[in-house]
Amino acid sequence: MNKILFVLLSLLTSLQSYSQEQNEKEVSFLLLGDIHYDLLEDHDMEWLSTKPDDLRQVTKEYSVFTKNTWPEFSRIISGKVQKHQPSIKAVLQMGDLSEGLAGSPQKAIQMANSAFKAVNKMNLKVPFIMTKGNHDITGPGAKEAFEKVYLPNMARLAGYPSLQSANYTTTLDDVLFVCYDPWDQNPEGLQQLEKSLAGSKATYKFVMLHEPVIPVNERCWHVFRQDNAKREQLLQIIASQQAIVLCAHLHLYSVICRDTPWGPIVQILVNSVIKDKNMLIPKNVVTDYSPKLVTAHPQWQPSTLQQRMEWIDKETPHIRFFKQMDLPGYGILSIDKENNQMQLKYYAAFGEKPYDTVNISELLTSN
């Protein structure tokens with residue numbers, strides 16, 4: 001009997017050791033886009049009333065979404081972090097955690113604290129790595145609140161003693177995440193980004209920023225769109241290091257692969273503003289990358305239509321894969337280090353099964 005018990009215990013120990021080894025070979029990361037966490041009491045409504053469109057968005061959209069969908073959505077995220085296999089090593093949030101536009105320095109501090117209270121309530125027990133969004137620094141006192149509230153909380157959630165700016169790096173399980181702040185006035189920002197990427201021995205590298213690097217819709221909101229030299233430098237830095245771009249800002253789900261002289265760039269764009277928990281499929285999936293992206297929406301800023309068409313026309317020959325859709329949710333990026341494979345699964349709203357699966361490794365290697 002003792003011999004049988006010894007054999008069973010040895011077998012159990014071996015299985016646990018094998019399981020731990022397999023878990024180390026496979027890791028996952030959960031991707032969140034814009035959240036725009038918003039409580040009406042965090043706004044100076046008198047100030048906001050002077051901005052009719054922002055007032056409409058706050059009162060009719062973001063505060064409503066926060067109240068109606070955030071509590072359950074945040075529980076879903078927490079559950080995924082706890083139960084998903086391969087195990088989730090970190091949650092990555094690509095900016096616009098809060099709605100911003102608080103209206104006064106006091107309210108800006110209050111809003112920032114509310115947003116991080118909501119993050120804390122998820123009790124994730126893994127690093128929460130986030131980058132700066134434009135809404136996080138918009139409105140009276142918002143930039144100061146970012147310094148006083150955001151940076152200390154970003155440091156704490158990412159496992160840093162402190163942070164001096166939104167430009168920082170985190171390495172987990174041979175995976176490097178470089179958070180890049182394109183609004184930082186430091187003239188050596190791009191050189192620092194290059195140094196962070198090139199100086200790391202990590203096998204897998206990601207650049208996290210709020211605005212996309214590659215335009216994917218009619219608005220053509222992408223980093224350095226008015227500065228060709230800086231944009232070319234950014235493309236070279238990212239492609240040369242075989243880094244993958246993680247971004248948000250456009251309130252869309254999109255995956256795109258762009259060729260450059262230094263190699264391909266894959267960009268994953270996520271939106272986590274959940275309007276409707278039952279929105280599990282998109283009304284429209286766009287896969288044709290051409291100036292039609294712009295001309296299909298002639299009502300949006302017609303005065304800039306020609307410039308935006310030129311930007312898209314210039315990009316078009318370099319695009320080898322593209323999909324874009326209005327489908328809020330979250331992504332789970334899994335890396336099989338043993339087979340050097342990376343896969344994205346995208347979950348729509350409160351959906352239990354992924355709506356979309358993309359082989360990221362294939363995009364990086366196919367011609």
Side-chain angles (χ1 to χ4, degrees), residues 30-80 91 93-104 106-122 128 130 133-142 145 149-150 210 217 219 221 248-254 269-284 299-300 325-331 346-352 355:
L30 193 145
L31 316 181
L32 294 173
D34 296 56
I35 292 174
H36 289 259
Y37 188 84
D38 197 16
L39 305 175
L40 287 179
E41 59 263 33
D42 292 342
H43 291 276
D44 180 330
M45 299 305 291
E46 184 177 352
W47 177 86
L48 192 62
S49 65
T50 64
K51 301 179 178 298
D53 193 49
D54 292 322
L55 178 66
R56 176 191 59 80
Q57 287 189 330
V58 165
T59 57
K60 304 296 184 182
E61 297 179 11
Y62 296 125
S63 67
V64 176
F65 304 152
T66 298
K67 180 180 179 180
N68 293 344
T69 65
W70 172 256
E72 182 61 23
F73 183 63
S74 64
R75 286 192 288 270
I76 289 171
I77 297 304
S78 299
K80 282 291 181 182
V91 173
Q93 198 273 323
M94 270 63 78
D96 280 5
L97 176 66
S98 70
E99 164 60 2
L101 297 158
S104 72
Q106 180 185 3
K107 289 290 187 178
I109 294 286
Q110 182 176 312
M111 178 178 286
N113 281 322
S114 294
F116 284 103
K117 183 178 179 180
V119 174
N120 295 340
K121 192 174 181 179
M122 289 196 285
F128 184 88
M130 61 173 289
N134 60 301
H135 276 256
D136 299 320
I137 54 171
T138 298
V149 180
Y150 268 77
H210 186 58
N217 77 339
R219 300 193 177 196
W221 288 341
H249 191 51
L250 301 179
H251 293 205
L252 297 168
Y253 162 57
S254 172
L269 189 149
V270 183
N271 173 30
S272 301
V273 179
I274 310 299
K275 311 171 189 176
D276 178 358
K277 67 179 183 180
N278 297 313
M279 188 176 177
L280 303 180
I281 58 173
K283 293 181 180 179
N284 187 36
Q299 72 283 1
W300 194 81
M325 64 201 77
D326 179 5
L327 193 66
Y330 62 96
Y346 189 77
Y347 292 77
F350 291 9
E352 295 182 4
Y355 165 81

Worksheet item: Between K275 and Y62, is there a donor-acceptor pair closer than 3.5 Å when you use the side chain of the first and the backbone of the second?
Response: no
Min side-chain heavy-atom separation [X]-[Y] under 4.5 Å:
| X | Y | value |
| --- | --- | --- |
| L250 | N271 | no |
| I76 | Y347 | no |
| P140 | W47 | yes |
| F350 | M279 | no |
| Q57 | D54 | yes |
| M111 | Y37 | no |
| H36 | V273 | yes |
| V58 | H43 | yes |

Polar contact flag, side-chain donor to acceptor under 3.5 angstrom, [X]-[Y]:
| X | Y | value |
| --- | --- | --- |
| D34 | H135 | no |
| D42 | S114 | yes |
| H249 | D96 | no |
| H251 | D326 | no |

Worksheet item: What orientation do Y346 and Y253 show, parallel under 30°, tilted 30 to 60°, or perpendicular over 60°?
Response: parallel
Please report the interatomic distance [atom1]([X]) to [atom2]([Y]), rounded to the nearest 0.5 Å.
| X | Y | atom1 | atom2 | answer |
| --- | --- | --- | --- | --- |
| M94 | M130 | CE | CE | 11.0 Å |
| I274 | T66 | CD1 | OG1 | 11.0 Å |
| S98 | Y150 | OG | OH | 2.5 Å |
| L30 | Q93 | CG | CD | 11.0 Å |

Worksheet entry | Heavy atoms of other groups near Q299 CD, more than 12 under 6.0 Å | yes
Discussion item. Determine whether L32 and V270 satisfy the following criterion, side chain to side chain contact (heavy atoms under 4.5 Å, CB included), listing intermediate values before the conclusion.
Written reply: CA-CA 6 Å; L32 294 173; V270 183; 5.8 Å; no
Worksheet item: Taking 4.0 angstrom as the limit, do K277 and E72 come out as a salt bridge?
Response: no
